[in-house]
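Just so it is clear, the model here is predicted, and its values are computed rather than measured.
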Amino acid sequence: MNIINIEHIAKIYKVGFEEVHALRDVSLKIDKNEYVAIMGPSGSGKSTLMNILGCLDTPTSGKYEFKGVSVSDMSDNELAKIRNKEIGFVFQTFNLLARSDAVHNVELPLIYAGVPTAERRERAIQALIDVGLKDRLHHKPNELSGGQRQRVAIARALVTNPSIILADEPTGNLDSKTGEEIMVLFHEIHEKGNTIILVTHEEYIAEHAARIVRLKDGLIESDERVERRYIPKTKNTLVT
Amino acid sequence: MRVLLFELKEGLMIALRAIASNKIRAMLTMLGIFIGVTVVVTMSTAIKGIDNSFQQGISSLGSDVLYIDKWAWFSNVEWWKMRNRKNITMEEFEKFKNLAKLPVAVAPVINSVQTVKYQERRVENVFINGSNADYVKTTNFTFAEGRFYSEIESNSSRQVAVIGSEIAKKLFPNLSALDKTIKIGGENFRVVGVLAEQGSFILGPWNPDNQVYVPIGTIFKNFASNRWRSITINVRAAGPAMVEETKAEAEGVMRKVRGLSYDQENDFSINQQEGLQENYNSVVGVIQIAGLFITGLSLFVGAIGIMNIMFVSVKERTKEIGLRKAIGAKRRTILAQFLLESSVICLVGGFAGLIAAVILSMLINQFIPTSIQIGSVVLGISISLITGIISGLAPAYTAAKMDPVEALRYE
């Protein structure tokens with residue numbers, strides 16, 4: 001079954017009197033447990049596409065079905081609910097609450113899901129253990145390294161067991177070694193049966209995906225299955 | 001309902017975290033509400049205290065008593081005209097008493113200011129009230145000890161005295177005053193009665209508690225200068241319903257006693273505590289309006305301060321709001337978060353203000369008897385809550401309607 005099915009989506013922004021066609025006509029189907037990279041130069045519309053896929057924004061025209069349900073004309077509150085239950089976001093800048101420790105950051109989406117305190121604490125701690133931060137539960141973001149911060153963000157994305165993980169340039173603020181480690185973590189997450197959509201402009205990051213969608217000027221330029229880059233079979237060394 | 005409670009609790013936790021992470025700012029913001037609530041509550045407590053004392057004091061005067069006097073208490077008659085009036089004399093009093101049929105009691109009164117002593121203890125500037133045995137019937141006096149002086153004692157100008165509770169407290173701190181001999185202006189008087197506490201501080205020397213009551217003849221006998229002073233005739237009507245009729249009769253009788261012809265105006269005044277009440281109401285009304293204005297202003301400034309801080313806080317946390325929305329916070333959740341934050345700030349400030357007001361009232365209590373009313377507490381709390389909600393509303397709404405995409409992009 002398709003998790004995501006978009007047909008002929010367009011998005012037009014008005015900037016002053018000018019209309020900007022961020023997306024012209026995009027159709028895309030993504031299945032369960034796919035690992036898709038969306039690529040494109042800046043201005044290609046990949047951010048807009050990601051916002052629409054992540055239900056942060058609605059298209060000007062076209063159809064968007066998420067697990068068979070149309071989200072094109074949902075209300076703000078319904079979109080918030082979908083984002084909360086079905087989508088896990090990972091951002092380039094991590095977007096952690098600076099004054100809260102790792103556990104509180106990870107349990108945040110569970111608060112909005114209405115999960116009782118004890119249960120969400122337990123789930124948040126488990127999610128942090130899963131990304132290898134067992135010893136960093138009560139550290140605040142400024143006490144963590146960049147890679148560790150992104151792991152907290154990934155734990156936060158995973159904690160609600162979402163249908164898709166949406167990662168927007170997740171390695172953009174990390175050095176290449178740490179970036180690789182994060183990509184290994186994404187690989188493992190994919191192995192466990194999760195669906196991942198990765199937005200990036202870097203080829204060597206996109207190579208981790210099994211399918212690459214290239215955007216240009218608001219249109220899909222190519223959409224192809226690719227040979228995945230070699231991933232060491234050994235478990236993520238950071239996860240101990 | 002349970003969902004709402006859950007959201008309220010979580011919103012409160014988030015708000016508390018936000019306040020805790022900016023303690024100094026929160027505290028400075030609270031100051032506005034703190035001062036506002038302190039002033040409002042202290043003010044209303046003090047006014048209530050003054051009011052209580054006044055009502056108590058005025059009721060000790062009796063609402064159905066008329067005071068026929070050379071001077072009007074409140075009037076626009078020029079003072080020199082009143083000064084030129086004839087003095088009211090004891091003879092006029094006797095004639096008046098015989099002619100007036102409606103009053104239940106009529107008493108002549110003259111006051112003399114003297115020092116009162118008992119052994120080493122003394123009280124200066126005491127109003128010595130000289131009257132007759134009927135005087136007590138024109139008052140609502142109650143006695144702690146003894147009795148009022150009798151008709152025989154007053155007719156024969158016996159050297160006996162009834163003393164007010166404050167005087168008794170000062171002269172006889174821990175023994176009974178009854179049958180003791182005190183010195184009034186150097187003359188010996190025997191105490192036959194002590195009043196229970198009657199009036200209130202607000203009447204000052206006119207407070208019955210601060211006076212001494214003696215037969216009127218003893219005043220003329222011992223303090224001769226008073227023989228040429230005008231007396232007041234206290235007239236008690238047979239209940240509040242009879243006041244007007246009694247007043248009309250008193251005016252007629254007094255004119256007759258004075259031998260005034262129909263074209264002459266009254267050369268005396270008939271006073272009532274009603275005039276006192278009206279005068280008091282207008283003064284207190286002004287105080288209340290001024291107080292309301294000042295406190296309202298300070299609360300208004302406080303509210304603007306909070307609104308300002310909340311706007312800054314929303315702007316500052318734009319990215320956080322974007323994130324919260326991205327991971328599933330609904331509009332109303334964000335709205336509640338910021339409303340709760342401003343409400344908590346205001347409530348904490350308000351509570352602190354209440355505590356300060358209680359302490360202040362205790363201090364004021366040294367001068368004016370005050371008591372914190374439940375109403376003032378409720379007033380203080382509701383004022384701070386309402387201020388919190390009103391000043392938080394606009395910033396919270398700004399936060400709630402933010403577009404998550406824009407907010408996440410904000411640097």
Take atom [atom1] in [X]; do more than 12 heavy atoms of anything else shown fall under 6.0 Å from it?
X        : atom1 : result
B/Ile374 : CD1   : no
B/Tyr397 : OH    : no
B/Lys315 : NZ    : no
A/Glu7   : CD    : yes

Return a table of donor-acceptor pairs under 3.5 angstrom between the side chains of residues 295-304 of chain B and protein atoms on other chains or two or more places apart.
| residue | atom | partner | partner atom | Å |
| --- | --- | --- | --- | --- |
| B/Thr295 | OG1 | B/Gly291 | O | 2.8 |
| B/Thr295 | OG1 | B/Leu292 | O | 3.1 |
| B/Ser298 | OG | B/Thr295 | O | 3.0 |

Of the backbone (N, CA, C, O) and the side chain (C-beta and beyond), which part of [X] lies under 4.5 Å from a heavy atom of chain B, both, or neither?
X        : value
A/Asn51  : side chain
A/Asn77  : both
A/Val159 : neither
A/Thr93  : side chain
A/Pro162 : neither

Considering all heavy atoms, the nearest [X]-[Y] contact:
X        : Y        : value
B/Leu323 : A/Phe91  : CD1-CE1, 3.7 Å
B/Asp403 : A/Leu56  : OD1-O, 4.3 Å
A/Asn84  : B/Gly328 : CB-CA, 3.5 Å
B/Ala329 : A/Ala80  : O-CB, 3.9 Å

Quiz item: Contact part of B/Lys319 toward chain A, heavy-atom cut-off under 4.5 Å: side chain, backbone, both or neither?
Solution: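 It is the side chain, since no backbone atom gets that close.
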Quiz item: Checking heavy atoms, do the side chain of B/Thr333, its backbone, both or neither come under 4.5 Å from chain A?
Solution: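 Interface part for B/Thr333: side chain.
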Please report the interatomic distance [atom1]([X]) to [atom2]([Y]), rounded to the nearest 0.5 Å.
X        : Y        : atom1 : atom2 : result
A/Asp76  : B/Arg332 : CG    : CZ    : 13.0 Å
A/Tyr112 : B/Lys330 : OH    : NZ    : 11.0 Å
A/His104 : B/Ile14  : NE2   : CD1   : 6.0 Å

Self-check item: Step-by-step side chain to side chain contact (heavy atoms under 4.5 Å, CB included) determination, A/Leu97 to B/Arg324
Solution: CA-CA 10 Å; A/Leu97 298 186; B/Arg324 287 181 187 276; 3.3 Å; yes
Practice problem: Please lay out, stage by stage, how B/Met13 and A/Thr117 fare under the test side chain to side chain contact (heavy atoms under 4.5 Å, CB included). | Solution: CA-CA 12 Å; B/Met13 293 308 292; A/Thr117 318; over 6 Å; no
Quiz item: Between A/Ala98, A/Cys55, A/Pro109, which has the largest tally of heavy atom pairs under 4.5 Å with chain B?
Solution: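 When all of A/Ala98, A/Cys55, A/Pro109 are compared, A/Pro109 has the most.
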Quiz prompt | Among the listed options B/Lys325, B/Arg17, B/Glu320, the residue most often paired with chain A at heavy-atom distances under 4.5 Å | solution =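 Result: the option with the highest number of such pairs is B/Arg17.
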